[in-house]
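Values below: every heavy atom of this structure, side chains too, minus hydrogens, waters and symmetry copies. By convention in this document, chain letters (A, B, ...) are assigned in the order of the sequence lines, proteins followed by strands, and residues within each chain are numbered from 1.
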Amino acid sequence: MDKITTIIKKEWAEVFKNRMVIFTVAFLPVIMTILPLVILYTTRDTGSMGDLGNVTNEMPAQFSAFCSSNLNSGECFQVYIVSIFMLMFMIIPVAIPATISAYSIVGEKATHSLEPLLATPITTLELLIGKSLASAIPAVLATYMAFGVYALGAWIIIPNKFLLAALLDLRWFIAIFIVGPLIAVMAINFTIIVSSRVTDPRVAEQLSMVVIVPILAGFFGQMTGFFLINRRIITIIALVMIVLDAGLFYLAERLFQRETILTRWK
Amino acid sequence: MIQTENLTKRFANTLAVDRLTLQVNEGEVFGFLGPNGAGKTTTVRMLTSLIAPTNGTAIVNGFQIGKEDIEIRRTVGILTETPGMYDSLSAEYNLRIYASLYEVEDAKGQVEKYLRMLGLWERRFDEAGTFSKGMKQKLAIARALLHEPKILFLDEPTAALDPESAHLVRDFIEELRKEGRTIFLCTHNLDEADRLCDRVGVFKTHLLVMDTPARLRSKLFGKKVVFHLRAVNEELVKIVSSLPFIRETKTMDNKIIVTLDNPEEHNPDIIRVLVEAGAGVQFVGELRHSLEEVYLQLVQNA
């Protein structure tokens, strides 16, 4: 455990000196939090407008499941709009670990500091866990904090408790607190796999961002009414993520072996 | 301290190390010489349990590679060929990280000891990235020594250093040798090997030869003795050449250069016959072949 802690502290001491990393870790959650809050604030009077007629008719049919009898169509519209942007929170646990692990692994490879590190009595698993946690912890904390600020902001902006309950639905808690860390793990494992083939941290970071594609697909899917993320879908996503993470971890662990790193990571 | 038997490493279709069998004794400085791509770094990586051999066995400090890798890594120190540091972190923090990973009990004390010993104490809070190549190399040596390893692997420790830094590093290796540490030194610098190593092994995928530098010279070139005379003539050369223990005789200016196996025993006889023949013997000296000549002869013939 001491060695894992040493690796985590070392990673943080190193990567947080990098402006790009600080920008990603600090700026992204701020943007992702402000966006839904601004939407809520600017549409705060929509609820009092009562029935919006045609506007609500254009929402996806399954959305009516969220739109309880306690909410009028104006408030339903607010829930719908915010739901679309809530997925943006999921970008945080992808972007932060991808940035940190890209710099921590490829950076170490580029500066030739990986071989002396591998020559210490640390096990490969300890090293992999240390590096993964160093990337995952800031990402997960930033996501939780961003969501916390959003929840607090929503509570201040929205006086209607039924609307607040709809906005802070269980599906978003599953998404943030379960799917978020799973996405972070996926991004880290994917970055490790990418890192074994590239020598520039920026390339690793950019390639790792491929993990964002499914999230953007979800965003646009909701926006166009193709589907709407409900509790059942988010639970299925969580289960699929567990399987995906296990597979990617297996691959990453295979690639993150001393011999592979020293002889094939060029 | 290090014993290998038929140690072999193959990467796909490339045979990097072929049946290496050697022994390095406790307190010995062993020079591992060979051209680029000979497999020296691969050998060091196998002996430090960084990569596994394809075949063969090796015991390092009493531990078997492939079976007791963590123990091996805990008890050996390594200076890699390109020893990267964490450039954005201070020299002290760089060492503290490694002290922790090597589970050094008095981490603070050990870090201070080696920073002072290598003349880096005053710069301890400076980022490693601001250090010169020589300072970085010294910092990397400190890193390799923090846990007081019994065996030290040094892969090209003076490569790419300016003469002054290289001199400092060599002096430090001398100090380590006096402390009785076992040192496995990979180097291209044959003068360095000649000066520092008790024994050397010349390696090109497989071990070509292994012995003390002096015995290697003797084996390959014989021992040569130069007799500086007041004047050289054919008669004197004929007399010396006729001695039964002389392998070869050459002349140069007023010198007769003879090759023989045992100069300690036969030099007095040569001097006696020369004096009896009326030669004016001014000086007698040994003609040393450089280790470079030995190395080139071995590698080119391999």
Could you tell me which portion of [X] (side chain, backbone, both or neither) has an atom closer than 4.5 angstrom to a non-hydrogen atom of chain A?
X	answer
Arg96(B)	neither
Tyr93(B)	side chain
Thr80(B)	side chain
Glu71(B)	neither
Ile78(B)	side chain

Exercise for the section: Return the option, out of Pro83(B), Ala52(B), Ser49(B), with the maximum number of heavy-atom pairs under 4.5 Å with chain A. Expected result: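 Ranked by contacts with chain A, first place is Ala52(B).
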Practice task
Please determine, by modelled atom types, if Glu192(B) and Thr158(B) share a side-chain donor-acceptor pair under 3.5 angstrom.
Solution key: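 On atom types as modelled, these side chains qualify, holding a pair under 3.5 Å.
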Problem - Glu148(B) and Tyr102(B) side chains, donor-acceptor separation under 3.5 Å - result: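 Distance-only check fails for Tyr102(B) and Glu148(B).
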Handout entry: Short side-chain to backbone donor-acceptor contact, Arg123(B) and Leu120(B), under 3.5 Å
Key =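 Looks like no, no N/O pair under 3.5 Å.
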Exercise for the section: Kindly say whether Phe30(B) contributes a backbone atom to a donor-acceptor pair with the side chain of Arg199(B) at under 3.5 angstrom? Expected result: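 No; zero donor-acceptor contacts below 3.5 Å.
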Handout entry: chain B interface, residue from Ile122(A), Thr123(A), Leu117(A), Ile7(A) that has the most non-hydrogen pairs under 4.5 Å
Key =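 Among the listed options, the one with the most contacts to chain B is Leu117(A).
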Problem - N-O pairing of Glu259(A) and Arg45(B) below 4.0 Å - result: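 Here Glu259(A) does not pair with Arg45(B) in a salt bridge, since their nearest N and O are not under 4.0 Å apart.
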Problem - Residue pairs, two or more places apart or on separate chains, that pass side-chain hydrogen bond (donor to acceptor under 3.5 Å, both in side chains) and touch residues 128-143 of chain A - result: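 The answer is Glu11(A)-Lys131(A), Glu108(A)-Lys131(A).
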Problem - Interface moiety of Lys10(A) toward chain B, non-hydrogen atoms closer than 4.5 Å - result: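 For Lys10(A), backbone and side chain are both near chain B.
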